[in-house]
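Down below is the structure, laid out as structure tokens.
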Amino acid sequence: MPKLSAGLLLYRARDGVVEVLIAHPGGPFWARKDDGAWSIPKGEYTDGDDPWVAAQREFAEEIGLPAPSGPRIDLGALKQPGGKVVTAFAVQADLDITEARSNTFELEWPKGSGKMHEFPEVDRIEWFPVAQARTKLLKGQRAFLDLLMAHPTAAGLSEGAGTM
């Protein structure tokens with residue numbers, strides 16, 4: 001049975017351009033990685049659990065703010081290159097991320113040193129136009145952007161320019 005993960009992709013329209021809220025993972029492994037390293041806020045859940053409930057919980061843990069309410073779009077599930085299956089939902093919300101604070105985890109670093117350090121699970125969150133998010137997101141999650149843009153609520157809006 002593959003590992004299961006659920007996430008929440010917030011989106012908003014600014015001047016006719018769809019922007020999405022994505023997160024950069026914290027910790028030393030990701031510190032110098034940018035393009036292809038970002039993720040929708042998500043986390044693991046157990047088979048039999050409600051993925052929507054898990055997505056909201058994981059959003060709150062990783063962003064430090066409650067998941068916004070509103071109509072959700074079920075973006076479905078995608079198998080990631082590593083085998084994990086990610087189920088994603090989209091909600092339209094213009095969330096102020098000024099006070100966002102991630103939960104933390106402990107890791108021995110450097111490996112084999114015996115020294116434990118605390119790192120944020122997410123070290124940055126940002127709003128990106130969909131076109132730019134395509135380069136920032138992990139390859140296995142980019143299809144969620146296509147699914148969002150194909151939905152009637154986003155149809156007719158722009159992905160924006162490839163750079164900001």
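Along the sequence shown, residues are numbered consecutively beginning with 1. The figures here come from the full heavy-atom set of this structure, side chains too, leaving out hydrogens, waters and symmetry mates. From a predicted model like this one, the values you see are computed outputs, not experimental measurements.
- Although no hydrogens or angles enter the test, the distance criterion places a donor-acceptor pair under 3.5 Å between the side chain of S102 and the main chain of V122.
- Taken to the nearest 0.5 Å, the CG atom of L137 stands 7.5 Å off from the CG atom of L9.
- The line from CZ of F29 to CZ of F119 is 13.5 Å long, rounded to the nearest 0.5 Å.
- For the ring pair (Phe, Tyr, Trp, His ring centres under 6.0 Å) condition, no pair includes a residue of residues 53-85, sequence neighbours left out.
- With a 4.5 Å cut-off on side-chain heavy atoms, E159 and L145 do not count as touching.
- Between the CZ atom in R134 and the CE atom in M149 there is a gap of 7.5 Å [rounded to 0.5 Å].
- For S39 and Q141, the side-chain atoms include at least one donor-acceptor pair closer than 3.5 Å.
- Distance CG/L107 to CE/M116: 6.5 Å, rounded to 0.5 Å.
- Note on V85: it does not cluster hydrophobically with F89, by side-chain heavy-atom contacts below 4.5 Å among ILVMFWY residues.
- Every residue two or more places apart in sequence or in another chain that forms a side chain to side chain contact (heavy atoms under 4.5 Å, CB included) with D96 is listed here: T98.
- Of all heavy-atom pairs spanning Y11 and V18, the tightest one is CB-CG1, 4.2 Å.
- Within the structure, side chain to side chain donor-acceptor pair (under 3.5 Å) contacts touching residues 51-63 (residues at least two apart or in different chains) do not occur.
- A distance-only check finds no donor-acceptor pair linking the side chain of S5 to the backbone of V86 [under 3.5 Å].
- Taking every heavy atom of both residues into account, P41 and A23 meet most closely at CG-CB, 4.5 Å.
- Remark: R142 engages no residue in a side chain to side chain donor-acceptor pair (under 3.5 Å) (not counting sequence neighbours).
- Atom CG of L95 and atom CD1 of I125 lie 7.0 Å apart (nearest 0.5 Å).
- Criterion: ILVMFWY side-chain heavy atoms under 4.5 Å apart, direct or through other members. Under it, L138 and F128 are not part of a common hydrophobic cluster.
- Residue pairs meeting the side chain to side chain donor-acceptor pair (under 3.5 Å) criterion with at least one member in residues 24-34, sequence neighbours excluded, are H24-D123, H24-R124, D34-W38, D34-K136.
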N/O donor-acceptor pairs under 3.5 Å from side chains in residues 68-80, not counting sequence neighbours:
{"from": "D74", "atom 1": "OD1", "to": "G76", "atom 2": "N", "distance (Å)": "2.8"}
{"from": "Q80", "atom 1": "NE2", "to": "L78", "atom 2": "O", "distance (Å)": "3.3"}
{"from": "Q80", "atom 1": "NE2", "to": "G140", "atom 2": "O", "distance (Å)": "3.0"}

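- A donor-acceptor pair under 3.5 Å links the side-chain atoms of E108 to the main chain of S113, judged by distance alone.
- Note on Y45: it does not cluster hydrophobically with I40, by side-chain heavy-atom contacts below 4.5 Å among ILVMFWY residues.
- Between W127 and R12 the shortest side-chain heavy-atom distance falls below 4.5 Å.
- No more than 12 heavy atoms of other residues, nucleotides or ligands sit less than 6.0 Å from atom CD of E99.
- Taking all atoms of both residues into account, the shortest heavy-atom contact from T46 to L4 is C-CD1, 4.4 Å.
- For D35, the CG atom sits in a packed shell: over 12 heavy atoms of surrounding residues, nucleotides or ligands are nearer than 6.0 Å.
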